[in-house]
Amino acid sequence: MPGSVESSVSEPWWKTAVFYQIYPRSFADGNGDGIGDLAGIADRLDHLVDLGIDAVWLSPFYESPMRDFGYDISDHCAVDPIFGSMEDFDRVLAGLHERGIKLIVDFVPNHVSSDHAWFVEAQSDPSSDKRNWFVWADPEFDDEGVRRPPTNWTASFTEESAWEWDPSPEDPSSGQYYLHLFLPSQPDVNWQDPDLEAAQHDVLRFWLDRGVDGFRMDVLNAIGKDPEPRDVPESIVGIPQVVLVHHDTAMPLIRRIRDTVDAAGDTFIIGEIVTGDIEVQASYQGAGDGVHASVNFASVWTPWERDAWADLLANTEAGYPFGGPTWPSYVLSNHDNPRHRTRYGGHESRARAAAILLLSVRGIPFLYAGEELGLEDATIPPDRVVDPGGRDGCRAPIPWTGDGDHGWGPGAWLPFPPDATIRNVDAQKTGDVTMYDLYRSVLAARRASPALQVGSLDLVDLHPEVLSFRRRHGEDERTVHVNFGDEVVELDTPSATLVVSSSGATEGTFDGHLPGGAAVVVRP
Ligand code: NOJ
Ligand code: CA
């Protein structure tokens with residue numbers, strides 16, 4: 001039975017955990033208004049137990065005008081009414097803990113909503129203490145006397161200047177620019193101001209006191225900015241590049257964040273460090289005094305190609321000095337990118353093989369709700385686009401049932417993903433050898449194997465179309481083969497016992513025969 005075998009590895013909980021991301025707007029609707037909410041999550045927790053994940057990352061549910069769907073916070077310590085109440089949040093947290101599942105929540109340290117009281121005060125009263133909680137700059141003037149921002153930095157979403165002109169409340173002919181690496185309605189805060197830093201630590205403590213097990217920290221590297229804002233080369237657009245090189249400014253701030261989070265006990269921080277460079281990501285873990293892990297963007301950006309994945313695994317193995325304090329993560333899908341099944345061309349076989357790959361590499365896997373149903377992105381007609389970054393497709397509501405509303409109120413906030421009459425939780429739980437069954441089996445196989453959870457990883461070169469690697473921990477050993485090609489291959493490898501195959505099989509003998517697009521986990 002999946003789930004009946006527990007492994008005996010003694011490691012921090014987060015190292016062996018499989019995380020499951022819930023984007024609250026898209027997960028489940030508790031009150032029938034068509035928008036996912038905390039009550040909807042609280043009612044569906046048994047799904048997570050049945051699936052077999054260990055921890056949930058919950059995207060923002062805080063008070064927000066929702067211009068960036070919650071990543072623009074107007075009150076860090078309040079639940080937005082669209083998502084419910086603090087009691088609903090407590091119900092989610094208690095319900096998860098009763099089921100032995102950890103909860104990490106989003107911490108958005110780089111910016112707030114322009115509706116946040118901090119910014120309202122800073123903007124309306126330049127003499128206020130809060131003024132320096134944001135990043136202001138005087139205008140510069142070109143030869144014709146035309147006003148321009150202090151640097152050429154561009155913002156995400158718009159690719160226009162990251163500096164917004166803000167006329168002085170007393171004298172509109174003068175003023176200052178404020179910095180926003182995202183929307184103009186998401187002003188960046190100034191972590192060099194000690195009072196702002198203290199206020200952010202209060203936010204962390206507020207949620208730790210309520211009992212959360214840690215945080216996913218949004219664009220965390222962006223809090224360490226160039227102390228002397230200066231132009232970047234023209235080829236560099238968008239946010240991360242502007243701040244990437246300021247590790248030295250960010251790290252002392254991150255170390256103090258770690259201290260605050262550590263003080264609450266057995267907690268975990270995963271930083272969104274926006275870079276595909278594995279070594280830069282790993283560097284934010286410091287000497288065990290930075291983040292515990294960083295979001296692995298390289299795994300999102302790697303195409304479904306054997307050599308690309310071999311390189312990613314090799315680079316990750318080389319970039320993380322295992323045995324020291326660093327540990328990688330892996331992720332294929334989230335709320336910011338097209339789902340991996342969509343990126344990989346929609347094929348069922350690839351989505352199945354990807355489940356095996358993601359859950360058998362060395363690092364913390366992050367699943368995105370719905371991938372266990374094999375969901376693809378929804379097609380969003382132009383008149384239903386709501387996100388300024390065009391990310392609606394991957395945020396389509398999770399279909400729970402096969403009927404027209406799929407368990408949502410009439411008029412869900414976005415269209416459903418394709419094939420929701422079969423790719424829904426009810427159908428997947430009752431059908432034969434579904435994607436859901438496969439995820440359950442692979443999760444159980446991982447949980448039962450110290451080698452898969454924490455073992456070493458060695459690439460094995462057996463066939464140009466097949467990614468093969470061996471995982472070992474003590475006596476425990478697993479080998480994984482993923483056939484990226486369409487043709488059947490016969491691998492020259494000793495006969496082994498099948499643990500799980502992308503076809504759904506969980507027993508039998510593996511003699512090296514691997515159909516096109518298939519993946520297997522085997523043991524000696
Ligand atoms: C990364 C988040 O994942 C994304 O959804 C958001 O728009 C930006 N950071 C800004 O907070
Ligand atoms: Ca709702």
Side-chain angles (χ1 to χ4, degrees), residues 21-44 57-62 64-74 76 79-85 88-89 92 104-114 116 155-159 162 179-189 215-223 238-240 242-243 270-275 294-297 300 329 331 333-338 366 368-369 386-395 397-398 400 405-414:
Q21 182 194 355
I22 292 183
Y23 190 71
R25 247 186 128 78
S26 305
F27 190 68
D29 180 10
N31 66 352
D33 68 353
I35 296 178
D37 50 44
L38 294 169
I41 299 171
D43 292 344
R44 304 285 185 172
W57 153 32
L58 184 56
S59 282
F61 52 87
Y62 317 112
S64 165
M66 304 289 169
R67 296 180 192 114
D68 187 17
F69 292 104
Y71 283 94
D72 50 330
I73 298 173
S74 53
H76 297 93
V79 172
D80 195 277
I82 205 96
F83 295 129
S85 63
D88 294 324
F89 172 77
V92 170
I104 66 168
V105 295
D106 234 292
F107 175 58
V108 186
N110 178 68
H111 45 269
V112 295
S113 163
S114 51
H116 195 295
S156 199
F157 304 133
T158 61
E159 303 302 344
L179 180 68
H180 61 89
L181 296 183
F182 295 90
L183 295 172
S185 58
Q186 287 169 297
D188 280 42
V189 298
F215 301 91
R216 175 269 191 187
M217 300 196 173
D218 193 67
V219 285
L220 183 59
N221 51 327
I223 67 176
I239 39 125
V242 171
V243 292
I270 180 161
E272 194 195 28
I273 307 295
V274 188
T275 170
S294 1
V295 175
N296 190 343
F297 278 90
V300 179
S329 73
V331 58
S333 291
N334 60 28
H335 65 293
D336 287 332
N337 295 280
F366 273 72
Y368 179 47
V386 288
D387 176 51
R391 298 161 294 184
D392 300 309
C394 63
R395 298 176 179 181
I398 303 291
W400 290 91
D405 289 342
H406 301 297
W408 292 67
W413 72 290
L414 284 174

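All ligand and atom numbering here is 1-based and tracks the order in the structure. FYI, side chains are in, hydrogens and waters are out, and symmetry mates aren't considered; it's all heavy atoms of this structure. Since we're looking at a predicted model, the values are computed, not measured.
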Smallest separation among heavy atoms of Asp29 and Gly34, with atom names: OD2-N, 2.6 Å
All side chain to side chain contact (heavy atoms under 4.5 Å, CB included) counterparts of Val79, not counting sequence neighbours: Leu38, Phe61, Phe83, Met86, Phe89
Pair Arg395 + Asp336: basic N to acidic O under 4.0 Å: yes
Cut-off under 3.0 Å, centre the Ca ion (ligand 2), protein N/O/S atoms: Asp29 OD1, Asn31 OD1, Asp33 OD1, Ile35 O, Asp37 OD2
Trp57/Tyr368 aromatic ring centres below 6.0 Å: no
Minimum side-chain heavy-atom gap Phe215-Val105 below 4.5 Å: yes
With His116 via ring-ring contact (aromatic ring centres under 6.0 Å, His included) - residues at least two apart: His76, Trp118
Rounded distance [0.5 Å steps], CG in Leu183 versus CG in Asp68: 5.5 Å
Contact residues of ligand 1, where a non-hydrogen atom lies under 4.0 Å away: Asp68, Tyr71, His111, Phe157, Phe182, Arg216, Asp218, Glu272, His335, Asp336, Arg391, Arg395
Side-chain heavy atoms of Asp72 within contact of Phe182, under 4.5 Å: no
Heavy-atom check, side chain of His335 versus side chain of Phe69, under 4.5 Å: no
